[in-house]
Every structure is written in C-alpha cells, then in structure tokens.
Amino acid sequence: MTNALARETSPYLLQHQHNPVDWLPWGEEALRRAREADRPLLVSIGYSSCHWCHVMERESFEDAQIAALMNERFVCIKVDREERPDVDALYMEAVQAMTGQGGWPLNVFLTPEQVPFFGGTYYPPQPRHGMPSWRQVLLAVSEAWTTRKEEIRAQGERMAPRLGGGALLRPSEAEMTPLELEAAVDNLRAQFDSVQGGWGRAPKFPAASVIEFLLARDEPAMALYTLRAMAGGGIFDHVGGGFHRYTVERSWTVPHFEKMLYDNALLARAYLHGYQVSGDETLRRACEQTLDWALREMRVDDGGFASALDADTEGVEGATYVWTVAELRAVLGPDAPQALAWFGATEEGNFPEGPPGANVLESRGPEPEPQTRERIRSTLLAARAARPQPGLDDKRLTSWNALMIAALADAGAALGRADYVREAVATAEFVLGRLRTPDGRLLRTYNNGTAKLDAYLEDHAFLLEALLVLYEATFDERWFTEAYTLADALVARFADREHGGFFSTAADAAPLIARRKDLEDAPIPAGGSSAAFGLLRLAALTGAAELEEPAVSHLRLVHELASRHPTAFGHLLQALDFHLHPVREVALVGPEDARRALEGVYRSTLRPRSVLAGGPGGGVSAVPLLEGRRPLDGGAAAYVCRQFACRAPVREARELEELLA
C-alpha cells in the first residue's frame with residue numbers, strides 16, 4: 001500500500017510513500033482538502049540525510065495507530081526542504097518565533113489558510129526528557145482547533161505579516177563605505193576561535209563564505225588557519241575526500257557524517273583560493289580530493305550531481321567511515337604503523353557514539369611520504385567500498401549543481417585540470433538542457449527523468465555566478481550569453497522595484513502567506529547575496545548600469561547588518577567589497593596557444609576584484625569587454641582596464657604581471 005508520495009521524485013518523499021499516514025505533497029490538492037473540511041494542515045518538513053527525520057518516521061509515522069490519528073484529525077503534508085526552500089524557510093521562522101528554536105524534522109500545524117499556529121521539531125513516541133509524546137501533541141492540537149478555532153485564526157492573522165524575513169527591511173540611509181568592511185573583519189577577529197579555527201562553538205559548521213571574504217580582503221591569517229584546521233580534522237574524509245556537514249565539538253574531530261553537495265562545492269573553492277593565496281599544497285590537495293570525491297560518488301549517470309549522502313548506514317551513524325586499530329592493521333599490513341601515527345588512531349578510539357575503539361580518522365600526526373600516503377588512502381578506500389554504504393539522495397537541484405559548476409570550472413582553470421573544466425561544461429549542459437521548460441524557464445529539481453518545480457532566486461543567482469565562472473574558465477561565449485539571459489529573467493521575476501533587493505520566490509509563483517527575502521549566507525549564500533554579486537560581476541564585464549542598480553539596491557538593504565554580523569553575511573560582504581573597490585577588467589586576445597602564457601599570469605593567484613574575458617579578438621563578440629580588442633602583430637595581447645578605460649595593451653607575461661600587481 002502506498003500514499004500519494006509514490007508519484008513524487010524526491011528520495012525523501014519516496015521514503016515515506018509506504019507510511020500508513022495519508023501524506024500529500026505540498027500543493028493545491030492538500031490545501032483544497034483542508035479548506036473544504038476546515039481541518040488543520042500538519043506539515044512535516046525534513047530531508048533525506050536527516051538523522052532525526054528517519055528516527056521520527058520509524059517511531060511514529062510507521063505506527064498504524066498514530067497514523068490513523070493523524071489521518072483522522074489533519075490533512076498531512078510531507079515536504080522535502082531541499083525541494084521547497086520557500087515553504088521550509090517560512091515555517092521555520094514561524095516555529096522559531098513560537099518556540100525559540102528550530103531544526104529538522106520540522107512539524108508545524110497550520111490553519112486551512114496556511115497560517116501557522118503551533119509547531120516544533122522532533123517528538124518521541126512516549127513522553128521523555130520533558131518532551132510530550134507525538135500522540136499527546138496531536139491530541140492537544142486537535143482539541144485546541146475544535147474548541148478555539150476562531151481565536152487561533154485571529155492570532156494567526158497577526159503573525160502572518162511578520163514572516164517575510166528580509167522583506168520587512170527598508171533601504172538604509174547610511175552611505176556604504178570601506179569602513180564597514182574593516183568593521184566586519186574586526187568583528188570576525190573578535191569572534192575567531194584562535195585555538196581550533198573557525199567561528200562559534202559546538203556544533204561547529206564550516207564557514208566557506210566568511211573564509212572567501214577574508215581571502216578577498218587580503219586578510220588571510222584567520223582563513224588559512226581555519227582551512228588547515230578543518231583539513232586536518234575528522235570533518236574531512238581523509239580516505240575518500242570531501243567534507244562532512246559539521247562537527248559536534250569545537251576541534252573539527254567528530255563529525256555529523258552526512259555529506260552535502262553544497263558544502264563540498266563551496267569548500268572546494270575556498271581551499272582552491274586558499275592555495276592560490278598561500279601556495280600551501282595541503283590546501284590544493286584538499287580541494288582536489290573534494291572534487292574527486294564529488295566526481296566519483298555524487299555524479300549521476302544521466303547527468304548532474306546528487307544532493308547528499310546520509311549520515312547513517314543501515315541506521316547507524318558513521319558506520320561506513322570509522323575504523324578500529326585492529327581493522328586498520330588487518331587492511332594495511334606493513335603500512336599500518338605509519339597510518340596509525342598519521343591518523344592518530346588509538347585502541348580507545350575517539351568516537352564514543354560508535355562501537356568500542358572506533359576512530360574518526362584525522363591528519364594530526366606525521367604524514368607519510370606521498371607515494372605511501374596515496375597507497376594507504378587507496379587501500380582503505382577499496383576496503384571501505386566493501387562495507388554497506390550510506391544512502392544517496394540522487395535528486396539534482398539547480399542551485400547546488402551550479403555551485404559545483406563554479407567549483408569545477410574555477411579549479412580546472414587555476415590548476416590546469418582540463419578534466420574539471422570538461423565536467424563543469426557537462427554539468428552546465430545538463431542543467432540548461434534538462435532543467436528548463438520549452439519556453440526557457442528555469443526549474444528547481446530533476447530526478448527519474450522528470451524536471452519539476454519553478455526555480456527560486458537561489459537557482460537563478462547561483463547559476464548566474466556559475467556561468468560567469470565557466471565563461472572565464474573557457475572563453476566560450478555561449479556561457480556569457482546564457483548568463484546575460486538569466487540575469488534579465490532574475491531581475492524581471494525576483495527584484496523588488498519598490499524597496500530594493502530580491503524576493504526568494506518569483507512574482508508569478510504560487511503564493512504563500514508571505515513573500516520572503518532570505519538574507520543569511522549560512523550554510524549557503526542567500527539568493528539575494530548571490531544575485532547581487534553575480535549582477536555586479538556581469539555589469540563589470542558589460543558596462544550595463546541597469547544590471548548594477550538592482551544589485552546595489554540589495555546591498556543598501558543589508559550592508560549595516562552585514563558589518564555587525566559578518567559570520568551570517570560572508571557572501572554579501574564579498575559583493576560589497578567588489579562594489580566598493582575599483583574592478584580590473586582584463587581582456588586577453590589572440591590565438592589560443594599564444595594566449596596561454598598571459599592566462600597563466602592571470603590565473604596564478606586569487607584576483608577577487610577582477611573580471612576576465614578572452615578570445616581571438618579582432619571580430620564581433622557578444623562580450624562588450626572584447627569589443628575593439630585586437631591581437632598585436634598576430635600574437636596575443638592583454639588589455640587591462642578600469643571602467644572600460646584601458647591601458648596600452650601588452651604582449652609579454654612579465655608586462656601583464658606588472659600591470660596586475
């Protein structure tokens with residue numbers, strides 16, 4: 001027996017298709033049922049790699065008696081937060097306002113008009129630790145609706161206008177100045193964990209956007225310290241590559257073992273840029289091992305990258321990843337002593353939640369020489385592949401695939417990895433080929449041969465940024481043209497012409513009770529921050545003021561908040577830094593072979609306040625920065641400009657290096 005979720009493509013929703021709960025996806029059918037029966041909506045929100053989501057399913061949603069109560073009293077909706085970030089953000093804010101906390105699974109009760117009136121996160125099947133049971137919650141909410149329906153509706157009407165997030169902000173009158181960026185750095189310094197790296201206490205999350213901001217500001221000390229600390233800790237998978245989502249303590253040792261595509265795309269670029277700034281081969285290796293992991297384990301046969309790997313393996317968190325000393329010795333043989341010292345593995349172990357003696361591997365001891373190191377990694381990876389594996393959420397999301405396009409293209413160009421650039425191109429072709437309607441509208445999610453759901457601001461914005469990075473990596477003008485077309489759609493459908501900034505949902509999307517502007521760049525950049533940064537970079541390549549204006553309108557909404565709370569606005573601060581400083585526009589023209597030395601100079605270090613164009617030159621180009629740029633005497637030439645006023649072209653790599661210094 002299945003419910004309506006059997007028709008969905010989200011792995012998370014499909015996990016619930018056999019529950020005895022009469023689940024419906026979010027949509028008009030569920031909303032109509034609630035209106036016609038005047039019954040509350042029970043909206044349960046989670047995602048496929050969420051540990052406690054799986055626990056609550058086993059304990060409550062698979063229980064026939066509890067399911068019968070849910071079906072009798074409520075219209076039950078199951079939401080994949082990764083497919084529907086709009087629904088998730090709206091009701092997460094409501095539950096946080098009501099209870100002071102949030103998380104997943106998120107369980108929220110709505111009036112038939114979609115207004116929240118009660119909610120929480122995980123509830124056990126029996127009362128414990130001061131928490132009521134799920135059954136008690138269901139009965140209490142049902143009783144309240146029966147006896148106080150009109151009072152609940154009246155309270156809800158007062159809450160709804162407060163759920164717009166950043167849509168309630170108005171532009172600041174204060175001038176945007178570089179002093180705000182300096183204040184942001186000072187605040188980051190005050191909050192920095194000088195012992196373990198990073199910001200904040202346990203649980204500790206990577207802060208890729210903050211690291212990128214510091215590197216762009218030429219303030220590398222905190223960024224590099226944090227990158228090295230994470231690369232040495234258990235948050236990094238020293239066997240297979242890639243980063244887990246967060247650690248449960250400050251020292252980056254014991255992770256929550258799920259791996260998210262977005263974390264790894266963002267961190268791969270942060271490690272690349274850290275390497276470009278420092279020349280530290282450890283950072284380059286972390287970048288490449290992360291991208292190699294994604295290509296090996298997250299690439300899906302019919303195109304694009306899957307969304308996540310579960311934390312659990314057969315219901316046990318981390319079971320695929322941890323090792324006892326005896327297991328390491330048995331697998332590695334004569335290499336075991338060096339591996340034990342390198343990984344810091346002990347008989348006691350460092351993972352108390354695992355079996356006795358379980359070790360999360362770190363890189364804390366003497367590192368073996370490269371040949372031995374890679375032999376140890378490959379041997380352990382082969383042995384680990386024979387273990388049961390965590391579940392894969394294989395839906396492809398436009399926004400997260402865009403992040404991976406940018407990471408692959410950026411790393412491929414900077415490191416001379418043509419294979420990474422090819423994979424970036426293939427992923428862009430997948431997204432633009434499979435995740436658009438026949439009339440060119442972008443879609444959110446793809447799986448099982450089906451693309452669906454209108455794309456959100458973050459999908460448009462992340463893809464805009466990615467296409468610009470891909471253009472700079474390949475000089476293929478189709479990516480520039482696609483970026484320009486996408487920018488027009490983004491501004492037309494998401495920009496707030498009255499108050500500035502960008503709404504998270506399109507003007508023609510099915511309405512929710514509030515149209516939000518999501519602002520914070522954690523764990524991924526906010527759509528508005530990304531839109532602003534992408535439009536500013538496109539404006540620098542084109543000179544189009546009409547692209548810059550909506551970007552600056554978003555900065556005016558948030559710049560004061562960003563300088564005071566920089567850990568929440570790392571991507572926005574990068575956009576603000578780009579806007580407040582002169583931007584170099586670099587055009588490289590001439591035969592491809594002749595351009596190579598000039599490209600090498602440009603790509604040899606991080607250039608956060610520059611944009612790059614290239615091509616044969618001398619002909620018609622879709623890229624305004626290339627117009628009128630000609631090779632010199634049949635050879636390559638570099639034009640370095642600011643606001644489209646250019647210095648005399650140069651031919652030699654040494655001359656370009658001097659101009660860019």
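Remember, predicted model here, so these are calculated numbers, not experimental data.
Checked by atom type and distance alone, the side chain of Asn187 pairs as donor or acceptor with a backbone atom of Ser563 at under 3.5 Å. Panel note: side chain Thr226, backbone Gly198; a donor-acceptor pair is recorded below 3.5 Å. Between the side chain of Thr313 and the backbone N or O of Val316, no donor-acceptor pair lies under 3.5 Å. Of the possible donor and acceptor atoms, one in the side chain of Arg444 sits under 3.5 Å from a partner among the backbone N and O of Glu82. Checking side-chain atoms of Ser530 against main-chain N and O of Pro525 turns up no donor-acceptor pair under 3.5 Å. Side chain of Asp310 to main chain of Pro390: no donor-acceptor pair is present (N/O by atom type, distance under 3.5 Å, no hydrogens or angles). Of the possible polar contacts, none joining the Glu472 side chain to the Asp410 backbone as a donor-acceptor pair under 3.5 Å is found. A distance-only check finds a donor-acceptor pair linking the side chain of Arg170 to the backbone of Ala167 [under 3.5 Å].
No option in Tyr321, Trp252, Phe236 other than Tyr321 meets the ring-ring contact (aromatic ring centres under 6.0 Å, His included) test with His244.
Classified by interplanar angle (parallel below 30°, tilted 30° to 60°, perpendicular above 60°), the ring pair Tyr225/Phe192 is perpendicular.
With 3.5 Å as the limit, one finds no donor-acceptor pair spanning the side chains of His54 and Asp312. Looking at Arg515 and Ser504, their side chains never bring a donor and an acceptor atom within 3.5 Å of each other. Between the side chains of Ser172 and Glu560, at least one donor N or O sits under 3.5 Å from an acceptor N or O. For the residue pair Thr121 and Gln101, no side-chain donor N or O sits within less than 3.5 Å of a side-chain acceptor on the partner. Glu317 and His51 are not linked by any side-chain donor-acceptor pair at a separation below 3.5 angstrom, with hydrogens and angles left out of the test. Judged purely by distance below 3.5 Å, without hydrogens or angles, the side chains of Thr177 and Glu175 never pair a donor atom with an acceptor atom.
Every pair passing salt bridge (charged side-chain N to carboxylate O under 4.0 Å, His left out) that includes a residue from residues 222-237 is listed here, sequence neighbours excluded: Arg228-Asp280, Asp237-Lys259, Asp237-Arg384.
With contacts defined as side-chain heavy-atom distances shorter than 4.5 Å, the pair Phe213/His571 does not qualify. Two residues are said to be in side-chain contact when any heavy atoms from C-beta on lie closer than 4.5 Å; Asp80 and Lys395 meet this criterion. Looking only at side-chain heavy atoms (C-beta outward), Tyr271 and Thr282 stay at 4.5 Å or farther from each other.
In this structure, Arg607 is positioned above the aromatic face of Tyr602, its NZ or CZ under 6.0 Å from the six-membered ring centre and within 45° of the axis.
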